[in-house]
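One structure below.
What you see is a predicted model, and the numbers here were worked out from it, not measured in a lab.
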Amino acid sequence: MSKLALDPVLLEFHYGASAEYAVVADENRHIFWMNKAAKAGFGYESEDLVGRSTDILYASKQDHERIGRERDKSATVMTPTNSYVNFKRQSGEVFPAEITGGRMVDEDGEVRGYFGLVRDMSEQQHLSQTLHSLYAITSDAELSRTDKIQKILEIGCRHYDLDVGIVSLIEGDQYSVLHCVSPDDALEPGVSFDLGSTYCTHTLTADGPKMFHRAGNSEIRTHPCYEMFKLESYIGVPIIVEGTRFGTLNFSAAEAREPFTHHDKEMILLFAAWVSQELSVERSMARLAQRAETDFLTGMQNKLGFERGKRAAWLATRRNNIGAAFMLDLDYFKSINDTYGHEAGDKVLAKLGQVLRDNVRADDMLARVGGEEFCAIMPGMHPITAERFAEYLVSLIGTMEVEHDGQTIRTTISIGFSIYDSSMESIKDWITRADIALYQAKSEGRNRSCDARRVHAQEISRAR
């Protein structure tokens, strides 16, 4: 067996095409032969190693000695042993590996050499570390969903050794960055691009990940994204949220890299699954919060929504030093319920809600704060516009008709409004003034509006 076992031609025949690193040593554990994979993996040419001790391949002398002792325990080539050990490439990089091998003996039991098949475990170890980090983040109850997505992007950038990670929202031809990681935070959430200028125009409609490790040598070398940003490396996948294509998860860099592996492909699918889950939960929670803060009858915010959102309206008004607050109350609403029934009263409220919602701006705040009482806060509204708006609503609602059981119900409304001025100490002060003006409108006969400044001026006059 000695002559056959150490025949390079036979070794090449048996192990030459193996993806594992095949190394054969003589009886003194000096390297005799290596296959192509071993040369590439360790970074040596045969002439650099043949005749040298195998300890050059080990990260530590202790591991080399331990493996030698384990090999000496194996009786024949048919009884190989498996061991885990750290090896070292010519560059000095240490990598974990599993080695299967044993000693080769002749008919007389004399050791004629040693063989080993080395399986590089770097990728598996890297994958394990990534999965561990991913689990730690997704199971951390202290992290917000935004923080989790951000950390998933950071893990992905480390895993792929790429600079940029993005979760995008794609609506029509608009590509918007929702979450991102980039060098020096050069890219920020909220930035938008034309979808056609991004690689994600291909990714969004794909059935799985799209990957380019050297875009300049691929079919997308003339793509606008490559021409503008020279992104050589890219891996992306569609994000599915609640059954629809929401956007993409993608990682990229200006530098080319080694081809992406099957594990890389599987990993981005896992990343995308977690991001999709977080976005789905976020949407569900947002809907629940909206329902909790929405009055089901009028479609506007309820008192809870009003209490939570009024500060933002107040700050927007103070920032621009202009705005108006309105308190509105249906006139004689109790008589509608008493005369036509509560179902008719609900119809009137629903109709009023529709009319009011149709006549406020997107940035205005509109809420039902009582049974038939409403509040509107309109940052940026000019005093003259506020007065005309109140008069317009009084006139419009005065012509509103609601049909119920063959009868037509009409109603009127009273409105008090308060123009913001810098002397107001709080939003409570602002709304209180509008509320006082509302009661003044009621006391003057209803179906009208009243400016809080007029009430204030009357109070000053009486005081004098």
Side-chain angles (χ1 to χ4, degrees), residues 295 298 300-303 305-307 309-336 348-349 352-353 355-361 363-400 411-464:
D295 177 59
T298 62
M300 62 182 67
Q301 287 182 306
N302 58 21
K303 194 167 185 178
F306 177 71
E307 291 300 322
K310 66 183 182 181
R311 177 172 170 76
W314 169 249
L315 292 176
T317 301
R318 290 190 63 185
R319 184 166 56 249
N320 297 311
N321 203 36
I322 187 172
F326 299 79
M327 290 298 297
L328 309 91
D329 190 272
L330 280 173
D331 298 327
Y332 303 113
F333 182 69
K334 184 177 182 300
S335 66
I336 293 176
V348 171
L349 289 172
L352 175 64
V355 170
L356 292 178
R357 285 187 287 109
D358 288 345
N359 284 276
V360 298
R361 302 164 303 184
D363 294 334
D364 294 332
M365 187 173 188
L366 180 64
R368 182 185 179 190
V369 295
E372 66 272 18
E373 192 173 42
F374 304 86
C375 180
I377 301 176
M378 299 184 165
M381 178 168 277
H382 191 275
I384 294 176
T385 306
E387 182 177 0
R388 292 174 179 172
F389 180 68
E391 292 173 353
Y392 168 74
L393 286 181
V394 169
S395 174
L396 180 64
I397 293 166
T399 63
M400 186 178 78
T411 187
T412 60
I413 198 167
S414 298
I415 299 175
F417 63 94
S418 174
I419 304 302
Y420 171 81
D421 71 62
S422 57
S423 68
M424 295 175 179
E425 298 180 355
S426 66
I427 191 170
K428 181 179 180 181
D429 181 20
W430 191 18
I431 294 173
T432 297
R433 295 191 192 189
D435 206 29
I436 292 171
L438 169 63
Y439 281 101
Q440 182 68 22
K442 291 278 190 183
S443 67
E444 292 177 356
R446 296 178 171 82
N447 191 27
R448 68 193 63 223
S449 64
C450 178
D451 187 337
R453 292 175 298 182
R454 177 165 64 84
V455 178
H456 186 59
Q458 290 173 351
E459 290 176 350
I460 293 174
S461 178
R462 285 194 296 268
R464 291 175 176 173

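Rounding to the nearest 0.5 Å places CD1 of I322 at 8.0 Å from OG1 of T385. Rounded to the nearest 0.5 angstrom, M400 CE and L393 CG are separated by 11.0 Å. Atom-to-atom distance recorded for L438:CG and R446:CZ is 9.5 Å, nearest 0.5 angstrom. Taking OG1 of T411 as the start and CG of L352 as the end, the distance is 8.0 Å to the nearest 0.5 Å. Separating the OG1 atom in T432 from the CD1 atom in I427 is a distance of 10.0 Å, to the nearest 0.5 Å.
Pairing each heavy atom of G305 with each of M365, the nearest pair is O-CE, 3.6 Å. Nearest heavy-atom pair, I397 versus T412, reported as atom, atom and distance to 0.1 Å: CG2-C, 4.5 Å. Pairing each heavy atom of V455 with each of C450, the nearest pair is CG2-SG, 3.6 Å. Heavy atoms only, all atoms of each residue included: N447 and D331 are closest at N-OD2, 3.0 Å. The two residues A386 and A324 come nearest to each other via the heavy atoms CB-CB, 3.7 Å. For T298 against L349, the heavy-atom pair with the smallest separation is CG2-O, 3.5 Å.
Applying the side chain to side chain donor-acceptor pair (under 3.5 Å) rule to D429 yields the partners R433; only residues at least two apart in sequence or on another chain are considered. Under the rule for a ring-ring contact (aromatic ring centres under 6.0 Å, His included), the partners of F326 that lie at least two apart in sequence or sit in another chain are F389, F417. Under the side chain to side chain donor-acceptor pair (under 3.5 Å) criterion, N320 pairs with no residue at all, not counting sequence neighbours.
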Name every donor-acceptor pair, under 3.5 Å, that has one atom in a side chain of residues 368-384 and the other anywhere in the protein, sequence neighbours excluded.
residue : atom : partner : partner atom : Å
R368    : NE   : G370    : O            : 3.1
R368    : NE   : G371    : O            : 3.0
R368    : NH1  : D295    : OD1          : 3.2
R368    : NH1  : D295    : OD2          : 3.4
R368    : NH2  : G371    : O            : 2.8
H382    : ND1  : I384    : N            : 3.1

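Remark: the D329 side chain and the S414 side chain contain no N/O donor-acceptor pair separated by less than 3.5 Å.
Counting heavy-atom neighbours within 6.0 Å of K442 NZ, excluding the residue itself, gives a total above 12. Applying the 6.0 Å contact sphere to CZ of R357 captures more than 12 heavy atoms from other residues, nucleotides or ligands.
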* To do: Please test F306 against I431 for side chain to side chain contact (heavy atoms under 4.5 Å, CB included), starting from the C-alpha separation and ending with a verdict.
  => CA-CA 12 Å; F306 177 71; I431 294 173; 3.4 Å; yes
* To do: Go through D364 and R361 one step at a time and tell me if the salt bridge (charged side-chain N to carboxylate O under 4.0 Å, His left out) criterion holds.
  => CA-CA 5 Å; D364 294 332; R361 302 164 303 184; 2.7 Å; yes
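Using modelled atom types, no side-chain atom of R311 and backbone atom of G309 make a donor-acceptor pair closer than 3.5 Å.
For residues 430-451, the pairs satisfying ring-ring contact (aromatic ring centres under 6.0 Å, His included) are W314-W430, Y420-W430, with sequence neighbours left out. Sorted by first and then second residue, the salt bridge (charged side-chain N to carboxylate O under 4.0 Å, His left out) pairs with a member in residues 384-393 form an empty list; sequence neighbours excluded.
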